[in-house]
Structure formats: C-alpha cells, structure tokens
Amino acid sequence: MRLSPAARIVILTGAGISAESGLRTFRAADGLWENYRVQDVATPEAFRRDPALVHRFYNERRRSLATVQPNAAHRALVRLERAWAGDILLVTQNVDDLHDRAGSKRLLHMHGELLKGRCLGCQAIHSWSKDMGQDSRCPACGRGPVRPHIVWFGEMPLAMDQIFEALERCDLFLAIGTSGHVHPAAGFVEAVGPGTRTVELNLQPSLVASAFREVRQGKAKDLVPAFVEELLEDASH
Ligand code: OAD
C-alpha cells in the first residue's frame with residue numbers, strides 16, 4: 001500500500017529498538033523483569049516503601065546509558081523524520097535517550113526519561129545525569145525529595161491527548177520492538193482510523209500482532225532501515 005508523500009505517520013517504539021545497542025529489554029529470558037519484580041522497583045508504593053532500592057535500580061539504568069550508542073534503527077527513523085514531507089510523530093516507551101542522541105526531534109517519551117528528575121515538593125522537572133538518592137535536592141526549590149521522571153505502573157503515561165489525536169489522524173502507524181504487554185501503548189493500533197496502514201516490526205510477533213495489517217519479523221537494526229528506504233522510495237514516485 002503506497003503512501004502519499006504528505007501522509008501522516010505515527011511510530012511507536014519499545015525496548016526492542018534499543019536491544020542492538022546493548023540495553024536489556026524487559027520481558028526477554030534475561031530481561032529486566034526477570035531480575036527485578038515490578039512491584040519492588042516500578043510503582044509509587046515501592047518508592048514510598050523502599051526509596052533506596054528504587055533509586056538504586058534507576059541509577060543502574062541511568063549509568064548504563066553512558067556505555068551505549070544509538071544503532072541503525074534509531075538513525076533510520078531520524079532519516080525518515082528529516083526526509084518526510086508529512087507530519088511525523090515518534091512516540092517511545094523507552095526511557096533511554098537513544099532516539100534523542102540519534103537526532104529525533106518530533107519525539108515524545110510517554111513513559112518518562114531516565115535523564116530527568118522530578119521534585120515531589122515543587123513538581124519541577126530537571127535534567128538529571130548523575131545518581132539520584134534520598135538526599136538529592138531539587139535544583140529549582142533547593143528542597144525535594146526528588147524522584148526519577150519515570151511513569152511507574154499505576155501512573156498515567158505522558159502526552160496521551162496529543163498521542164491519541166495523532167493516532168486518529170495518521171495514515172501509517174508503525175510499531176517497532178514492543179511486546180504489546182503494556183497498555184495504553186498496546187492499544188494504539190486499535191485507535192487508528194479504518195484506512196490507516198498498520199505495520200509491526202518486531203523480533204517475534206507481539207501480543208497484539210493480529211491487529212496489524214502487516215507484520216515483519218527480524219531485528220530492528222535490519223528491518224527499520226529497509227522499511228524507511230521502502231517508504232521514501234515509494235513516496236518519490
Ligand atoms: P518488552 O521487553 O516487553 O518487549 C520487547 C520486544 O522487543 C519483544 O517483543 C521482543 O521480541 C522485541 N525485540 C527484542 N530484541 C529485538 C530486536 N533486536 N529487534 C526488534 N525487536 C526486538 O519491552 P516493551 O514492549 O518496550 O514500562 O515494554 C513496554 C513497557 O514495559 C516498558 O516501557 C516498561 C516495561 O515495564 C515502564 O517501565 C513504565
């Protein structure tokens with residue numbers, strides 16, 4: 001199905017796009033949720049109960065960013081954003097900064113960002129590249145406490161109105177490297193209009209693969225550059 005060059009595109013990414021960069025996914029056999037329980041490190045209750053453990057978990061994740069680089073899939077999405085004439089929105093569930101570092105601009109981090117902290121006192125959100133702990137102080141009000149700017153289970157993901165508006169209007173919805181376990185992202189494919197082309201690019205079919213018109217299996221670093229070239233090639237005719 002060929003798209004017009006002015007077609008509107010929404011792209012959803014998950015941990016699979018960062019796997020080839022060396023970041024662990026959540027639900028693989030060696031994934032993060034095999035080694036940690038969600039309820040111990042990724043809920044507001046966990047943070048109230050044991051903030052030191054939660055900080056340690058996210059400090060490890062934050063530190064791991066220094067050892068990884070964007071891969072060919074992140075770069076291909078930047079190429080698409082720069083070359084595409086129509087509206088394009090990249091929505092990532094990833095809290096790493098690999099899309100940002102690759103150069104994506106029209107980007108929303110719906111599950112927050114490891115490199116930001118939020119003050120529980122004044123609610124200010126700040127860049128945060130070092131370790132965070134119970135004695136961390138807010139750069140704005142000088143008090144705190146400060147928490148990772150991460151959407152935990154039981155909390156509302158960010159920018160939902162903007163994302164659903166874009167989904168309703170888009171001509172192509174592309175999901176890359178996400179297992180379809182976590183809502184609302186897993187339901188995005190159902191939120192698009194009836195004429196929208198929907199494509200899943202994933203190592204294994206996701207839980208919601210049957211809702212897509214087209215599913216391609218493989219590594220994001222191979223599939224995404226090839227798909228982007230196909231789109232740009234088609235749009236040039
Ligand atoms: P998952 O770990 O649930 O799924 C990763 C998906 O990527 C799987 O379907 C894999 O088959 C696929 N995959 C693995 N390696 C790949 C590769 N090289 N190329 C392409 N695909 C590959 O991660 P997410 O779906 O992102 O939320 O998880 C969603 C949310 O659950 C996360 O944002 C996180 C987690 O709990 C929060 O922390 C709020």
Side-chain angles (χ1 to χ4, degrees), residues 11-47 53-55 57-62 64-65 68-77 90-99 102 107-116 118 147-160 163 174-189 199-212 214-228:
I11 303 162
L12 171 70
T13 62
I17 197 168
S18 296
E20 297 298 320
S21 293
L23 292 177
R24 274 189 290 169
T25 63
F26 293 93
R27 294 176 180 80
D30 63 342
L32 284 168
W33 295 153
E34 285 301 310
N35 297 305
Y36 293 90
R37 297 188 325 156
V38 167
Q39 59 269 37
D40 290 340
V41 295
T43 67
E45 294 74 28
F47 189 62
L53 174 67
V54 174
H55 278 308
F57 177 74
Y58 288 102
N59 286 341
E60 279 172 21
R61 310 270 79 70
R62 198 177 300 107
S64 69
L65 297 184
V68 298
Q69 298 295 332
N71 66 51
H74 298 101
R75 289 193 294 273
L77 295 183
L90 174 56
V91 179
T92 188
Q93 296 167 89
N94 299 342
V95 296
D96 66 54
D97 65 336
L98 294 178
H99 284 306
L107 168 66
L108 294 174
H109 279 273
M110 64 176 285
H111 287 168
E113 294 171 71
L114 276 171
L115 293 178
K116 288 186 179 164
R118 182 165 9 121
R147 60 166 275 182
H149 184 50
I150 300 285
V151 175
W152 286 325
F153 284 85
E155 295 183 321
M156 182 61 86
L158 309 173
M160 282 296 103
I163 293 169
L174 178 63
I176 304 167
T178 178
S179 64
H181 275 88
V182 176
H183 283 269
F188 286 176
V189 63
V199 181
E200 172 175 287
L201 308 179
N202 213 35
L203 196 56
Q204 287 141 1
S206 76
L207 274 188
V208 293
S210 62
F212 287 82
E214 202 178 323
V215 175
R216 298 186 189 181
Q217 259 182 271
K219 291 186 170 171
K221 75 170 176 33
D222 303 321
L223 295 183
V224 180
F227 188 78
V228 164

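In listed order, ligands and their atoms are each counted from 1.
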[X] heavy atoms, cut-off 4.0 Å: which ligand 1 atoms fall inside?
X	value
G218	19 (N), 20 (C)
A220	17 (C), 19 (N), 20 (C)
G14	26 (O)
V151	39 (C)
E20	18 (N)
G177	5 (C), 6 (C), 7 (O), 21 (N)
V182	29 (C), 30 (C), 31 (O)
F153	36 (O)

To the nearest 0.1 Å, how far is [atom] from its closest protein heavy atom, and which atom is that?
atom	answer
atom 31 (O) of ligand 1	R27 NH1, 3.0 Å
atom 21 (N) of ligand 1	L203 N, 3.2 Å
atom 9 (O) of ligand 1	N202 ND2, 2.9 Å
atom 33 (O) of ligand 1	H111 ND1, 2.8 Å
atom 16 (C) of ligand 1	G16 O, 3.5 Å
atom 29 (C) of ligand 1	Q93 OE1, 3.4 Å
atom 36 (O) of ligand 1	W33 NE1, 2.9 Å
atom 26 (O) of ligand 1	A15 N, 2.8 Å

Does [X], backbone or side chain, put an N or O under 3.5 Å from an N or O of ligand 1?
X	value
S179	yes
N94	no
F26	yes

Taking the side chain as every heavy atom from C-beta outward, state whether [X] and [Y] have any atom pair closer than 4.5 Å.
X	Y	answer
H99	S18	no
R61	I150	no
L174	L201	yes
V189	E200	no
L107	T92	yes
S21	H74	yes

Worksheet item: Which atom names give the shortest non-hydrogen contact between G22 and V68, and what distance separates them?
Response: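 That would be C-CG1, 4.3 Å.
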
Item to complete: Measure across I17 and A73 and return the closest heavy-atom pair with its distance rounded to 0.1 Å.
Response: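 Minimum heavy-atom separation between I17 and A73: CG1-CB, 3.6 Å.
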
Worksheet entry | Closest candidate by heavy atom, reference atom 11 (O) of ligand 1, pool Q204, R61, K219 |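 The nearest heavy atom belongs to Q204.
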
Worksheet item: Salt-bridged, R147 to E155, with N to O below 4.0 Å?
Response: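 Looking at R147 and E155, the cut-off is met.
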
Discussion item. Is the terminal nitrogen or CZ of R62 (NZ for Lys, CZ for Arg) located under 6.0 angstrom from the six-membered ring centre of Y58 and within 45° of that ring's axis?
Written reply: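 No, R62 and Y58 do not form such a contact.
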
Worksheet entry | Chi angles and distances behind the side chain to side chain contact (heavy atoms under 4.5 Å, CB included) call for M160, M110 | CA-CA 8 Å; M160 282 296 103; M110 64 176 285; 3.7 Å; yes

Item to complete: For the pair Y36 and F57, name the ring-plane relationship: parallel under 30°, tilted 30 to 60°, perpendicular over 60°.
Response: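 Rings of Y36 and F57: perpendicular, over 60°.
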
